[in-house]
Amino acid sequence: MAALQPVRGTHDLLGEDARRHAHIVATFKSVAYRYGFQDISTPIFEFSEVFHRTLGETSDVVSKETYTFTDRGGESLTLRPEMTAGIARAFISGGLAKDLPLKLCGHGPMFRYERPQKGRMRQFHQVDVEVLGVPEPQADIEVLALGADFLAELGLAERVELHLNTLGDAESRSAYRQALIDYFSGFKDRLSEDSVKRLDRNPMRILDSKDAGDREIVAGAPRMHDYMNEISRDFFARVRAGLDALGIAYTIDERLVRGLDYYSHTAWEFVTTDLGAQGTVLGGGRYDGLIALMGGPQTAGIGFAAGIERLAMMIDTPPLPARAIAVVPIGPAAEVPALAIAHRLRKAGFTVEQGYRGNVGKRLERAAKAGARVALMLGDDELAAGTVKCRDLDTREESAVALDALETALAAYR
RNA sequence: GCGGGUGUAGCUCAGUUGGUUAGAGCGCCAGAUUGUGGCUCUGGAGGUCGCCGGUUCGAGACCGGUCACUCGCCCCA
């Protein structure tokens, strides 16, 4: 159709779509600030090693989904596929270890080279929180509660479900991983092709395979919770007790695993059935080993990210911005005075629209279409009298208002 | 990367077994109404029928390829 198209998997945001995104970000910020989080913004690209080392070379995100390119200086750079690694890098390069604990929130575009689908874009947007330097389960509870509050504030409480699991600490996780390899290796000839690959790359992934044959085998697989050591068990119990105390509902989902290698202990997803194949609307977990892995000091971390596009498809239409006051000059002599009135009202905090061109009828029509509440009309008569005619665009009632009393007369429309 | 579906006006869609100038509704612009909008009436702009090639006397309709969108797999927000 059009000769110029946006790059595959990207889209322009305009009108209601733009308002949906802005509303989600604004809601997120207000909730995060209430929890004591502060803003962070990191670059949308980093040296490639930042992602390659932290996400693990075997993860799909790195092995087939990154936008990686060489810049003019010969450096390999990668567009961020998620926010955590960049924040961890900022933590190390900024020497922020002295400021712990840190509670950070941010948002922005992420990039993943995938086949686009409903709720999945190549450039998409996330909101994100990270708590650094709190190894206690209190942080898990706080971050989970923040996520639940955020979704509730968007009106989605009834439409999402919290799925919760623990991956255990490093020791538990590797013991379980080995148990899975031992078990599944016995079924190598019966597993699906995908799952055979998962066996050496990420055996836990087999647990949530959708293949019917795999599911039968998975039914008899070792249980994660049987391989948890004392520490991991206790940690998870405390997280659950905290959620219970706050009245946050969840279901334990032992098949919930994370694609990224650096997760440990708590992992969760808020999921919905309303979005087709992309059910996860918010996902998070604990990553105590990440910063050390990147060469920084051992620092606990936990956080989540939520997909703005996915949330945008679920929320109700966000409220419209404040209705404007339209300024309508009648005749050439009124053009400049009208401009001055618009300027004066804007500086006084009113939302003001101008019609730009056309006769009075056209300008009123445009004002009404733009959602304006009142129109201030001024022509030769009003100029001579030092007034404007104030027309209510809903009721069509008109009244003359003295120019020097404008602000008080319009106070209700601010 | 793999499989299915769909591409006709800004939007939603008609378009007969292939037949000559490709239509409607909505939206947009203008006029009826040169100091008054949402209704009505009249007129107008807007289309290389996604693109390339093939079959045919003739293709928006059929065939092949390609691109885009879309749904699913993989994976994830």
Side-chain angles (χ1 to χ4, degrees), chain A residues 1-11 14 24 55 58-65 80-84 107-128 147 151 160 192-195 197-198 201-202 205 208-211 256-260 269-272 275-284 303-314 326 328-334 355 357-372 374-383 389 391-398:
Chain A
M1 200 183 296
L4 275 181
Q5 299 192 336
V7 172
R8 180 175 214 191
T10 67
H11 58 192
L14 204 61
I24 287 163
L55 300 182
T58 60
S59 76
D60 275 29
V61 169
V62 163
S63 58
K64 61 179 203 193
E65 294 173 5
R80 63 182 183 190
E82 52 100 43
M83 278 193 79
T84 308
H107 68 98
M110 308 295 153
F111 306 84
R112 255 118 101 153
Y113 191 89
E114 299 182 277
R115 185 84 172 258
Q117 237 176 277
K118 180 178 189 179
R120 193 164 73 189
M121 304 279 135
R122 286 184 173 182
Q123 176 176 339
F124 62 104
H125 299 79
Q126 289 184 335
V127 297
D128 182 276
L151 295 171
V160 296
S192 69
E193 203 181 315
D194 282 332
S195 286
K197 277 186 220 150
R198 292 180 180 118
R201 283 179 25 189
N202 193 345
R205 272 261 101 89
D208 66 354
S209 170
K210 288 174 186 167
D211 181 89
L256 194 161
V257 294
R258 308 257 79 197
L260 309 183
E269 290 181 359
F270 282 89
V271 301
T272 176
L275 254 34
Q278 274 66 240
T280 303
V281 118
L282 182 156
F304 71 71
I308 296 179
E309 278 80 0
R310 291 182 185 179
L311 294 171
M313 288 190 286
M314 296 184 72
V328 177
I330 301 166
R357 79 186 74 84
N359 58 29
V360 186
K362 275 296 151 211
R363 293 197 198 219
L364 286 176
E365 185 180 333
R366 223 172 285 130
K369 196 166 294 174
V374 293
L376 301 182
M377 299 187 287
L378 72 161
D380 297 339
D381 299 347
E382 288 77 15
L383 285 174
K389 199 183 280 183
R391 179 182 175 88
D392 187 306
L393 289 168
D394 296 334
T395 66
R396 296 170 175 239
E397 279 165 25
E398 290 185 349

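Below, chains carry the letters A, B, ... as their sequence lines are ordered, and counting in each starts from 1.
Counting non-hydrogen atoms under 4.0 angstrom, Glu269(A) reaches nothing in the nucleic acid. Base contact: Ala368(A) has a heavy atom under 4.0 Å from a base atom. Residue Leu282(A) is in sugar-phosphate contact alone, with no base atom involved, counting any heavy-atom pair closer than 4.0 Å across all strands shown. Among the protein residues, Asp380(A) comes within range of the nucleic acid bases, having at least one heavy atom under 4.0 Å from a base atom. Using a 4.0 Å heavy-atom distance criterion, Leu393(A) is classed as a base contact. Gly331(A) comes within 4.0 angstrom of nothing in the nucleic acid, heavy atoms only. At a threshold of 4.0 angstrom between heavy atoms, the contacts of Met121(A) include nucleobase atoms, whether or not backbone atoms are also involved.
Nucleotides C2(B) and U17(B), compared at atom P, are 36 Å apart to the nearest Å. Comparing the C1' positions of U21(B) and G47(B) gives a spacing of 14 Å, expressed to the nearest Å. Distance noted for atom C1' between U55(B) and C63(B): 7 Å (whole Å). One P atom belongs to A24(B), the other to C67(B), and the distance between them is 35 Å to the nearest Å. G7(B) and A14(B) have their C1' atoms separated by 15 Å, with the value rounded to a whole Å. With P as the reference atom, G23(B) and U48(B) are 15 Å apart, rounded to whole Å. The separation of G27(B) from U12(B), taken at their P atoms, amounts to 15 Å, rounded to a whole angstrom. Using C1' as the reference atom, U34(B) and U20(B) are 47 Å apart when rounded to the nearest Å.
Judged by distance alone, with hydrogens and angles left aside, Glu114(A) brings no side-chain donor or acceptor close enough to the base of G1(B) to form a pair under 3.5 Å. Between the side chain of Arg363(A) and the base of G37(B), no donor-acceptor pair under 3.5 Å is found.
If you take CD of Glu82(A) and P of C75(B), they are 18 Å apart, rounded to a whole angstrom. Following rounding to the nearest Å, Arg112(A) (CZ) and C74(B) (P) show an atom-to-atom distance of 16 Å. Between Glu65(A) atom CD and C74(B) atom C1' the separation is 9 Å, expressed in whole Å. In this structure, CD1 of Ile24(A) is placed 12 Å from C1' of A77(B), rounded to the nearest angstrom. When the P atom of C75(B) is taken as reference, atom CZ of Arg120(A) falls 11 Å away, rounded to whole Å. Regarding Asp128(A), its CG atom lies at a distance of 10 Å from the C1' atom of A77(B), rounded to whole Å. Rounded to whole Å, the distance from CD on Gln123(A) to P on A77(B) is 17 Å.
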Requested in this report: Whenever both distances are under 3.5 Å in a Watson-Crick or G-U wobble pair, mark it; put RNA chain B into dot-bracket that way, with [ ] for crossing pairs and | when the partner is on another strand.
Outcome: (((((((..((((.....[...)))).(((((.......))))).....(((((..]....))))))))))))....
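For the pair Met314(A) and Thr272(A), the minimum side-chain heavy-atom distance is below 4.5 Å. Put simply, the side chain of Arg310(A) does not reach to within 4.5 Å of the side chain of Gln126(A), judged on heavy atoms. For the pair Leu282(A)/Val127(A), no side-chain contact is recorded, criterion being any heavy-atom separation below 4.5 Å from C-beta on. At a threshold of 4.5 Å between non-hydrogen side-chain atoms, the residues His11(A) and Pro6(A) do not count as touching. By the 4.5 Å heavy-atom criterion applied to side chains, Met377(A) and Leu364(A) are counted as neighbours.
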Polar atom pairs between nucleotides 26-34 of chain B and protein, under 3.5 Å, N or O only, would you list them?
from, atom 1, to, atom 2, distance (Å)
C28(B), OP1, Lys369(A), NZ, 2.5

Interface polar pairs with nucleotides 66-69 of chain B, N/O, under 3.5 angstrom:
from, atom 1, to, atom 2, distance (Å)
C69(B), OP2, Arg8(A), NE, 3.1

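Atom CE in Met110(A) sits 15.5 Å away from atom CE in Met121(A) (nearest 0.5 Å). Leu311(A) CG to Glu309(A) CD: the interatomic distance, rounded to the nearest 0.5 Å, is 9.0 Å.
Distance from the side chain of Lys389(A) is smallest to U36(B) among A77(B), G72(B), U36(B). Side-chain atoms of Met377(A) lie closest to U36(B) of the nucleotides G35(B), U36(B), G37(B). Taking every side-chain heavy atom of Lys118(A) into account, C71(B) is the closest of C71(B), G37(B), G35(B).
Position along RNA chain B of the nearest nucleotide to Phe270(A) versus Leu364(A) favours Leu364(A) as the more 5'-ward residue.
Considering all non-hydrogen atoms of both residues, Arg122(A) and Glu114(A) come closest at NE-O, 2.6 Å.
Judged purely by atom type and a 3.5 angstrom limit, Arg80(A) uses its side chain to pair as donor or acceptor with the backbone of Pro109(A).
If you check the side chains of Thr280(A) and Glu269(A), you find a donor sitting under 3.5 Å from an acceptor.
An OP1 or OP2 oxygen of C71(B) is reached within less than 4.0 angstrom by no side-chain nitrogen or oxygen of Gln117(A).
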